[in-house]
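Protein chains get the first letters and strands the later ones, always in sequence-line order, with residue 1 at the start of each. Basis for what follows: all heavy atoms, side chains included, without hydrogens, waters or symmetry-related copies.
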Protein chains: 2
Amino acid sequence: MKRSLEHIEYKEDTEALAKFAKALAHPTRIAILKYLENQSCCFTGDLVDVLPISQSTVSQHLKELKNAGLIQGELKPPKIKYCINQDNWKTAKTLFQQFFD
Amino acid sequence: MKRSLEHIEYKEDTEALAKFAKALAHPTRIAILKYLENQSCCFTGDLVDVLPISQSTVSQHLKELKNAGLIQGELKPPKIKYCINQDNWKTAKTLFQQFFD
DNA sequence: AAAACCTATCGTATATTTGCGATAAACATT
DNA sequence: AATGTTTATCGCAAATATACGATAGGTTTT
């Protein structure tokens with residue numbers, strides 16, 4: 001490939017902010033998070049009902065938000081309850097605030 | 001293709017926020033904007049000196065930031081002076097603030 | 001006019017993202 | 001044990017993003 005073989009490193013805060021921004025870089029994920037902010041928590045199925053995309057795609061977006069640390073899932077068999085991860089949410093909020101002055 | 005033929009629509013604010021987030025979704029672009037925040041303005045060459053990537057790649061990232069409306073270029077022959085677009089910056093700031101409560 | 005300088009764009013290669021249907025996995029209920 | 005419910009994952013296809021070198025298009029300087 002033509003891309004650099006070694007991963008380019010930036011400052012920790014820069015990388016962290018970019019990572020959070022990436023998690024927010026799709027309207028579906030924004031919609032999910034807005035929904036979670038209102039409901040505080042919800043099940044995957046609730047989102048599937050609300051969003052205009054398939055269940056598997058919703059699940060994939062949830063996975064990304066989970067990987068970014070913005071949400072967390074709790075087993076409530078047979079469902080899974082998703083909530084915002086308040087700690088990381090606060091971290092993201094702070095990073096964006098600092099960034100925008 | 002397997003993806004939906006029609007573009008899925010979300011609320012205007014949701015789309016706008018996702019678009020700004022996408023522009024911020026790469027550490028290089030965060031680094032560029034941070035640099036611009038300090039300097040208020042700079043030339044492309046300044047960024048090429050500072051960043052660990054090639055000139056063409058820097059230019060590409062600048063283009064994306066310009067497309068997102070976060071920066072603007074002004075011809076200062078033979079250079080181009082880039083500054084933050086204060087209006088859109090404020091819009092983005094507000095959107096993120098509202099989003100994070 | 002020629003040379004030098006600065007930046008954007010083109011062409012290319014690769015990686016990642018997005019989306020779907022199908023299927024699997026986990027658990028509860030019957 | 002069999003069935004139903006719910007969600008994650010797999011496999012695939014297409015679009016988008018990332019990166020580079022080479023080149024083109026301006027402008028200034030010589």
I want to verify a distance call: between [options], whose nearest atom is closest to the [X] side chain?
X       : options               : result
B:Ile53 : C:dC20, D:dC20, C:dA8 : D:dC20
B:His26 : D:dA19, D:dG21, C:dA8 : D:dA19
B:Lys79 : C:dT18, D:dA8, C:dT7  : C:dT7

Could you pull out the closest heavy-atom pair between [X] and [Y], with the gap in Å?
X       : Y       : answer
A:Phe43 : A:Lys76 : CE2-CB, 4.2 Å
A:Ala23 : A:Ala68 : CB-CB, 3.5 Å
B:Ile53 : B:His61 : CD1-CD2, 4.0 Å
B:Ile80 : B:Gly73 : CG2-CA, 4.1 Å
B:Arg29 : B:Lys22 : NH2-O, 3.3 Å

Taking atom [atom2] of [N] as reference, at what distance in whole Å does atom [atom1] of [X] sit?
X       : N      : atom1 : atom2 : result
B:Leu62 : D:dA19 : CG    : P     : 13 Å
B:Ile30 : D:dT18 : CD1   : C1'   : 16 Å
B:Glu74 : C:dC6  : CD    : P     : 18 Å
A:Lys19 : C:dT17 : NZ    : P     : 12 Å
A:Ile32 : C:dT18 : CD1   : C1'   : 13 Å
A:Lys63 : C:dC20 : NZ    : C1'   : 16 Å
B:Gln60 : D:dA22 : CD    : P     : 16 Å
B:Asn67 : D:dT16 : CG    : P     : 14 Å

Notebook entry, point to check: What does B:Lys81 touch in the nucleic acid at a heavy-atom separation under 4.0 angstrom: a base, only the sugar-phosphate, or nothing?
Noted result: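 The answer is nothing, as B:Lys81 stays clear of every strand by at least 4.0 Å.
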Check: Base, sugar-phosphate alone, or nothing: which one does A:Glu64 contact when heavy atoms must sit under 4.0 Å apart?
Finding: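 If one applies the 4.0 Å heavy-atom cut-off, A:Glu64 turns out to touch the sugar-phosphate alone, with no base involved.
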Check: If you group Ile, Leu, Val, Met, Phe, Trp and Tyr by side-chain heavy-atom gaps below 4.5 Å, do B:Tyr82 and B:Leu75 land in one group?
Finding: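 Same hydrophobic cluster.
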Margin query: Quick check: is A:Tyr35 connected to A:Leu65 through a chain of hydrophobic side chains (ILVMFWY, heavy atoms under 4.5 Å apart)?
Written below: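 Linked, A:Leu65 and A:Tyr35 end up in one cluster.
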For [N] and [X] - does any side-chain N or O of the residue sit under 4.0 Å from the phosphate oxygens OP1/OP2?
X       : N      : result
B:Lys22 : D:dA17 : yes
A:Ser56 : C:dC20 : no
A:Ser59 : D:dA8  : yes
A:His61 : C:dG19 : yes
A:Tyr82 : D:dT6  : no

Checklist line | Check: B:Asn88 side chain, B:Thr91 main-chain N or O, donor-acceptor pair, under 3.5 Å | finding: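 The answer is no, because no donor-acceptor pair under 3.5 Å joins these two groups.
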Check: Can you list, by residue number, the residues of residues 35-48 of chain B that have a non-hydrogen atom closer than 4.0 angstrom to DNA chain D?
Finding: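 Residues of residues 35-48 of chain B under 4.0 Å from DNA chain D: none.
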Item checked: Partners passing ring pair (Phe, Tyr, Trp, His ring centres under 6.0 Å) against B:Phe100 (at least two apart in sequence or in another chain) ->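 B:Phe100 satisfies ring pair (Phe, Tyr, Trp, His ring centres under 6.0 Å) with A:Trp89, A:Phe96 only.
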Checklist line | Under-3.5 Å donor-acceptor pair between A:Ser54 side chain and C:dG19 base | finding: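 No, the side chain and the base share no sub-3.5 Å donor-acceptor pair.
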Next item on the list: Determine whether any donor atom in the side chain of B:Gln55 lies under 3.5 Å from an acceptor atom in the base of C:dA8, or the reverse, and answer yes or no.
Entry: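 Check passes, donor-acceptor contact within cut-off.
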Next item on the list: Examine the side chains of A:Lys34 and B:Thr14 and answer whether a donor and an acceptor come within less than 3.5 Å of each other.
Entry: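 Side-chain D/A pair, A:Lys34 to B:Thr14: present.
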Protein and nucleotides 25-30 of chain C: nitrogen or oxygen contacts under 3.5 angstrom:
none

